[in-house]
Amino acid sequence: MEELPKAYNPSDHEASIYKMWEDSGAFTPTTVSSQPSPARSAFSTADAGGAVSREDKISSGKRQTANGKPFVISMPPPNVTGKLHIGHALFITLQDILTRYHRMKGEPTLWLPGTDHAGIATQTVVDKALQKKGMSRRELGREKFVEEVWKWKEEYGGEITRQLRSMGASCDWSRERFTLDEGLTLAVKEAFVDFYRKGLIYRGEYIVNWCPKCATAISDDEVEHKSQTSKLYYFKYDKNFPIIIATTRPETKFGDTAVAVNPSDKRYAKFVGKQFEINLDGVKRKIKIISDRIVDKDFGTGAVGLTPAHSMTDWKMAESHDLGKIKIINERGRMNENAGKYAGLKVLEAREKLVEYLRQNNLIEKEEDFENNLSICYRCGGAIEPLPSLQWFVKMKPLAEKAKKAVEDGEIKIVPKRFEKVYFHWMDNIHDWCISRQLWWGHRIPVWYRQDAKLEVKRVKGKVWDLKIYGRDIFNGIKNGTKTIELRAGRPETDEKYWGKFKAGDQSEFRLADENNDQIIKDEKPIVKSIKKVTHFDNFEELFANYKAEDDYPGKSKKELVEWWTKRFKERIEKHGIWVFELENSEIENSSDSEIYVGTTPPRGEGWIQDEDVLDTWFSSGLWPFSTLGWPENQLKVKRVKGKVSDFEYFYPTTIMETGYDILFFWVARMIMMGLELTGRAPFKTVYLHGLVRDEQNRKMSKSLGNVLDPIDISDKFGTDAMRMALVVGTTAGNDIAVGESKIQGYRNFANKVWNIARFVITNLENSKGVIPGKDPESRSPMSERFASDSRMTNQDKKDLEEFEKLKETVTKALDNLEFSRAGEHLYGYVWHEFADKIIEESKKRLEKEGPDKEAAIAKLTVILIDSLKMLHPFIPFVTEAIWQSLPTGLKDEKLLISSKWPE
RNA sequence: GGUCGCUUAGCUCAGCGGUAGAGCAUCUCGUUGACAUCGAGGAGGCCACUGGUUCAAAUCCAGUAGCGACCACCA
């Protein structure tokens, strides 16, 4: 045997050891219910450090057989395009400890890895990369863009899993999943359809959190609040209005439909129920005075201007008081034409301009500084603009009740327990979950719509325009008859959704203009009678009959232009469909109600258009514990192949969900709700929540502070084992942990200590003869037991071994109770200060002279070393395995430490 | 505003009814045949504060103060 180097150098071993584990098949449990093989074959292969033979692979595979209760962890899937950070290193360590421990205990153990497609995050990353190349998402179009993202995923998606491997993660790569895999996509569709059929999913127009920067709706949970100082303005809409209102967002006041006061507020009692006509810098509105208990008498003037379309609370009040909702801000964060001459301005520009107007007209009573919370998007950090919008929602109340009960009844245990209260509170105050996202990267909503394939345009009747057609940036300023309706350009793809968000009965967004210009005719807005989307239209001739296109394109003949427009329209209509608005006093011939189809496969027949939106990333991650195991196929056709069970049947429900407390609501709660609803069972029995990794001074790690620890750098410098140990010791469930280089260095020293302990013991084993314990590999009884009755042992030896037995108990119990730190600390303390400092030191004298006493000493050292290595292995897998490979074959129950038996 | 935590040695944290603990830092001494990524030893704490329960409280209860997190949000 070659001499062991004095110091343990992690980089000499880690990569090859990982490969050895992976090649051995140790990561993969099997569900074949065959008898466990005695696995003795490992001993027949003499060369300990050599290549693993095919025979060994088989034997390792069989070792994890399906004859016990399986131990299962679903790995929280990191973002595919993400990069490993210290938080990942923490969860890998904790989950790997559990996995290795249970595997060594002989349980069929599955740790299922995978990655998440992470909708907005990934789309943004790829979008930015394209922009650098001078391309844009819109130019590419949906299909091409999604192709680009897939290319990106193929190129960079492997990075994160390579890094997971370098952390020693002993997960089953043969079962690796990605949230956009075929099987998982099917699960998503199945879940959606199931919920829809049960009435748990609905589509509706509600005020949502809209992120103008990401150009998508986001859920309430994705909104963060940042406190900031802003101005609170006290003012009147106009001179004749009797009440002064206070607001931080004057620009939204163009959308006001009421002023609300508290019912008990005597100051305003005489106005309640009355209606006032106002003129706010040219925009005329009818303002009703209402009373509602939500209004705080003492805030501001005690009177609130209600902007139902752009404030969550105002929306709710407007619903209960049956008030109109006027949208004045569009999806790009700009004022729309309902804001009169402010149309087109960005929100903040409009605010400045309006405040200036109010000042000049002496309408402002006062301005004061005010501390309030700004809603920002947790992805991009941009300001959230609440908007009414047509979206899909999940009805959460019924799901939450079940989910709450599962924890109350102890079906699911949350560690630490205090998070159960937080969980209950969330469940009790749950609101419906907006699941549609206006993105291209993700699971497309499995809903199709069909409207009439043919549409006839009817001529105008009466004064007001009756019928108009909307496509994407086309149809702008079409003249028809004597008057013109403005057909707005739809620049970003989101506008198409936007146009589709009118309901019959709404005031239309567009304005009426005369034939010379697009000036508004009076203040009237046409009322939308119906809205339809069509994909086929061929009545262009009539449509363009009165269109004086040549005005805008001098030099072109009308015929040329009509041809050109027609060609362009046809293409676009076929690709995207067009929105048709039937306005007041108009008729559409041949129309019929639109149809909706919800299913896992596209509908048959012509003219179906799939919903453009994709689902929130958390919708698919909510299915993770079972979608990764083959649900729903195995659920639907329970085919029992003789002697074989499916992954879903065998491994579900999983055992432990280990993740950060920061995603308790985002993810854990949703997995529980969706798991209970779809599989009828809680997806896991225990939730273990870890905290955030902070720096040595307990500050959050951030680039600006320069205190970010890169796990890859750290493990290069100190070894993966050192980092793992540093992340575990001193860490308790649910609490943040402070880690710095000095702590990691301390555990690097520990890894080296273990190495040198082994070096000492191995050297003495080699120098002695005939005293190698454990000669009987068939015997599975613990070696310490075999030596307890050995006559060569002194009383001290027996005491030491008893002490060691206690350690085993402590460590095993701690791991069973998920007390990682406790287990790690005890091992550290024992191995260093008991085993090395006392037992080894004491043995040195005894080793000087041949004889029974030396034999006893060596036996004791060996016994303690072997079982210590085993217990340390889940924590510091690389050093312990490296040492194991240097041990004489006869001492080992398995060729690889990872597959060896946990000492009991 | 609501909820949940935290406050123990210089630092980071365990302990959660029975004589104050660990790691790091610090001090003294030692050590070149397992390991200097080492060994032996020491110093360092009214366990935030105030009351209560108890034979006994860092530990249980109530309150106070500081810190932190989460949820909600007042326009």
Side-chain donor-acceptor pairs of residues 871-879 of chain A under 3.5 Å, sequence neighbours excluded:
unit_1  : atom_1 : unit_2  : atom_2 : d
H873(A) : NE2    : R100(A) : NH1    : 3.3

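Under the rule for a side chain to side chain contact (heavy atoms under 4.5 Å, CB included), E848(A) has no partner lying at least two apart in sequence or in another chain. Residues passing the side chain to side chain contact (heavy atoms under 4.5 Å, CB included) test with H425(A), sequence neighbours excluded: N429(A). Residues satisfying the side chain to side chain contact (heavy atoms under 4.5 Å, CB included) test with A350(A), not counting sequence neighbours, are E251(A), M335(A), Y342(A), L345(A).
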Atom pairs under 3.5 Å, N or O on each side, protein against nucleotides 8-13 of chain B: can you list them with distances?
unit_1 : atom_1 : unit_2  : atom_2 : d
C13(B) : OP1    : N698(A) : OD1    : 3.4
C13(B) : OP1    : N698(A) : ND2    : 2.6
C13(B) : OP2    : N698(A) : ND2    : 3.2

Sub-3.5 Å pairs of nitrogen or oxygen atoms, protein against nucleotides 32-34 of chain B:
unit_1 : atom_1 : unit_2  : atom_2 : d
A34(B) : O3'    : R759(A) : NH2    : 3.0
A34(B) : O2'    : N756(A) : OD1    : 2.8
A34(B) : O2'    : R759(A) : NE     : 3.2
A34(B) : O2'    : R759(A) : NH2    : 2.6
A34(B) : N7     : K844(A) : NZ     : 3.1
A34(B) : N6     : E841(A) : OE2    : 2.9
A34(B) : N3     : N756(A) : O      : 3.0

Inset, instruction - For each nucleotide in nucleotides 70-75 of chain B, reading 5' to 3', give B when a protein heavy atom comes within less than 4.0 Å of its base, S when such contact involves only the sugar-phosphate, and - otherwise. - result: SSBBBB
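Among residues at least two apart or in separate chains, there is no ring-ring contact (aromatic ring centres under 6.0 Å, His included) pair with a member in residues 720-742 of chain A. Applying the salt bridge (charged side-chain N to carboxylate O under 4.0 Å, His left out) definition to pairs two or more places apart or across chains, those involving residues 724-739 of chain A are D96(A)-R724(A), R694(A)-D736(A). Identified under the ring-ring contact (aromatic ring centres under 6.0 Å, His included) test for residues 289-323 of chain A, with sequence neighbours left out: F299(A)-F370(A). The stretch residues 748-758 of chain A participates, sequence neighbours left out, in these side chain to side chain donor-acceptor pair (under 3.5 Å) pairs: N756(A)-R759(A).
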Legend entry - RNA chain B base-pair string [pairs: Watson-Crick or G-U under 3.5 Å; |: paired with another strand]: ((((((((.[[[[.)..(..]]]].(((((.......))))).....[[[[[..)....]]]]])))))))....
